[in-house]
There are 2 protein chains.
Amino acid sequence: MTLSAPEDAPLKLRDRIENEILTGDMPPGFRLDEVTLATRFGVSRTPIREALFQLASAGLIEIRPRRGAVVAEVGPERLVQMFEVMAGLEGMAGRLAARRHTDADRRSLTDAHEACRRAAETGDADAYYYENERFHHAIYAASRNAFLIDQCAALHRRLKPYRRIQLQVKNRVANSLAEHEAIVAAILNLDGDAAERLLRDHIVIQGDRFSDLMASMSERAGSTAAKGR
Amino acid sequence: MTLSAPEDAPLKLRDRIENEILTGDMPPGFRLDEVTLATRFGVSRTPIREALFQLASAGLIEIRPRRGAVVAEVGPERLVQMFEVMAGLEGMAGRLAARRHTDADRRSLTDAHEACRRAAETGDADAYYYENERFHHAIYAASRNAFLIDQCAALHRRLKPYRRIQLQVKNRVANSLAEHEAIVAAILNLDGDAAERLLRDHIVIQGDRFSDLMASMSERAGSTAAKGR
DNA sequence: GCTCCATTTCTTGTATACAAGAACGGTTGA
DNA sequence: TCAACCGTTCTTGTATACAAGAAATGGAGC
């Protein structure tokens, strides 16, 4: 299973491990043994350790001194917190995008939205997942704040696996698209307050949607558990 | 010059280097030579490299493959962007704090505010700097979102040196305290919208304040320049 | 049969050795 | 005098060796 497909030829070690974590090949709690990884990737322990430190900084794994590294367990509570922050950041990006976007931003935003619509109409969930990502990145970019773009992209990336599950919830694609519609309108109308509010609500998990996500998660946990040790 | 004083006995390598960067002992553009650092700290290159990778993940330094690491140059543009994001995050923390704070949060918030007032009255800028930090962390904590707390604390830490300069701007302490007053009131009154708005304005740099900060920065750059190579 | 302790084994943390790319300088030619 | 090219030197990237702490295992005592 692969998540994204850039030029995958010179993929750095860090990204390869990161992918395995994000795709769930290395489930939460999975023990990351240095020598095992080293032999598996055909390198020595040194570059492995460097990659692990970077992943630890990103919060994807947890390094306990002298006790090795494990894939970070993100419990329901922390997951909700992360989505809450994501909602805040996206709302902020939307507000800024509404009053700062350039003509080029406007175009890439509408393009991405149209691509989402096409994917939704064909009912291809995977395609929608991909185009949805493009849509959100277009909003980040339109905020014209490079630091905010970095922060949003980083958190978005970390939430990738859960977002994917989220889309499997019933009717989510149709609802998501309708929300996109309103978001685009708000940004193009330079209505920052509306864009912020709409994006916040678009991301936030609450009520039924939250329960659904949690349910999907626990199912999934059952199927992938005990891969570690 | 030291920034904060935890139990400084078993200070990790990463933090020691980080401190030298944050305090300005290693100014932006400063070349971080591995062997030099290794001999200076009395260790081998390996742990130095680990620390450097972590600092790079945090955005404090920049590692150019095969070309070594340098302290990241944060230009005025990026600095403004970082403060903009900080304002957004603090606003969010304030909004959440207003509707989630516990009795203990309420107490530590008012305590921190009182400490700020005392420091301001004695005119001790350093003391105010320290208590101001405590005040903001009290708000983060009151948001009851551990992930948001982490994010806020990390960015706050990165902006430390610039915040310190900011306080040296004329009348800033008095204005800051007045703004704190209103923020506390909003949070205690459970007025999330007001808390968010007030905190955003409290952090944001614009107009005169921004010019003043830039002026202080360029002065400072002059005094510390060319320490690197 | 269970528990606690000692020994062994395994894993991580650190140091060092080696390889390869980048910066530097000197020489040669116009 | 200046520029380009080649060789040296220095720095980073990787591998390996060694040390020290943690887990695992086996045995002894209760």
Side-chain angles (χ1 to χ4, degrees), chain A residues 6-21 25-73 225-229, chain B residues 6-21 25-73 225-229:
Chain A
E7 350 74 60
D8 52 3
L11 204 50
K12 294 232 178 301
L13 203 52
R14 182 227 141 116
D15 297 313
R16 296 182 61 183
I17 300 176
E18 185 169 341
N19 266 340
E20 300 210 6
I21 295 173
D25 290 349
M26 290 175 175
F30 186 85
R31 178 74 192 287
L32 295 153
D33 183 74
E34 295 179 2
V35 292
T36 306
L37 289 171
T39 54
R40 197 149 84 71
F41 289 108
V43 294
S44 87
R45 277 176 52 215
T46 313
I48 293 288
R49 282 177 65 83
E50 288 173 358
L52 292 183
F53 276 109
Q54 292 180 59
L55 293 172
S57 301
L60 269 132
I61 70 173
E62 202 176 334
I63 296 181
R64 298 148 322 168
R66 291 254 173 225
R67 317 224 10 250
V70 294
V71 176
E73 311 249 12
K227 261 197 189 175
R229 166 186 323 191
Chain B
E7 349 74 57
D8 51 3
L11 203 50
K12 293 233 180 303
L13 203 51
R14 182 226 141 118
D15 298 312
R16 295 182 62 182
I17 301 175
E18 185 169 343
N19 266 339
E20 300 210 6
I21 294 173
D25 290 348
M26 290 175 175
F30 185 86
R31 179 75 192 287
L32 294 153
D33 183 74
E34 295 179 1
V35 291
T36 306
L37 289 172
T39 55
R40 198 150 84 70
F41 289 109
V43 294
S44 88
R45 277 176 54 217
T46 313
I48 294 288
R49 282 176 65 82
E50 287 173 356
L52 291 184
F53 276 108
Q54 292 180 60
L55 292 173
S57 301
L60 269 130
I61 70 174
E62 200 176 333
I63 296 181
R64 298 151 319 171
R66 289 257 173 219
R67 317 228 6 253
V70 295
V71 176
E73 311 249 13
K227 259 196 190 176
R229 153 183 349 181

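Just so it is clear: chains get the letters A, B, ... in the order the sequence lines come, proteins before strands, and each one is counted from 1.
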Closest approach of B:Thr39 to B:Thr36 (non-hydrogen atoms, all atoms of both residues):
OG1-O, 2.8 Å
Quickly work out the A:Ile48 CD1 to D:dT14 P distance and round it to whole Å.
11 Å
Would you mind telling me which residue lines up with the more 5' stretch of DNA chain D, B:Thr46 or B:Leu32, judged by nearest nucleotide?
B:Leu32
Here the residues of residues 35-45 of chain A within 4.0 Å heavy-atom distance, strictly under, of DNA chain C are A:Arg45
So which atom in A:Met26 and which in A:Ile17 form the shortest heavy-atom distance, rounded to 0.1 Å?
SD-CG2, 4.4 Å
OP1 or OP2 of C:dT12 sitting under 4.0 Å from any side-chain N/O of A:Arg31?
yes
For A:Ser44, side chain to side chain contact (heavy atoms under 4.5 Å, CB included) partners two or more places apart:
A:Thr46, A:Pro47
The nucleotide from C:dT12, D:dA15, D:dT12 with an atom nearest the side chain of A:Glu34 is C:dT12
Under 4.0 Å from any atom of DNA chain D, heavy atoms only: list the residues of residues 63-72 of chain A that qualify, in numerical order.
A:Arg66, A:Arg67
Which pairs with one or both residues in residues 36-54 of chain B pass salt bridge (Lys or Arg N to Asp or Glu O under 4.0 Å), sequence neighbours excluded?
A:Arg49-B:Glu50, A:Glu50-B:Arg49, B:Glu20-B:Arg40, B:Glu34-B:Arg45, B:Glu34-B:Arg49
Axis-to-axis angle for the helix from C:dG1-D:dC30 to C:dA30-D:dT1, ends of five pairs each, to 10°, equals 0°
Roughly how many Å is it from CG in B:Leu52 to C1' in D:dG13, rounded to a whole number?
13 Å
Would you list the atom pairs, donor with acceptor, under 3.5 Å between side chains in residues 51-70 of chain A and any protein atom, with sequence neighbours excluded?
| from | atom 1 | to | atom 2 | distance (Å) |
| --- | --- | --- | --- | --- |
| A:Ser57 | OG | A:Phe53 | O | 3.1 |
| A:Arg64 | NH2 | A:Arg67 | O | 3.1 |

Quick one: B:Arg49 CZ to C:dA15 P, roughly how many Å, whole number?
14 Å
Any side-chain heavy-atom pair of A:Ile21 and A:Phe30 under 4.5 Å:
no
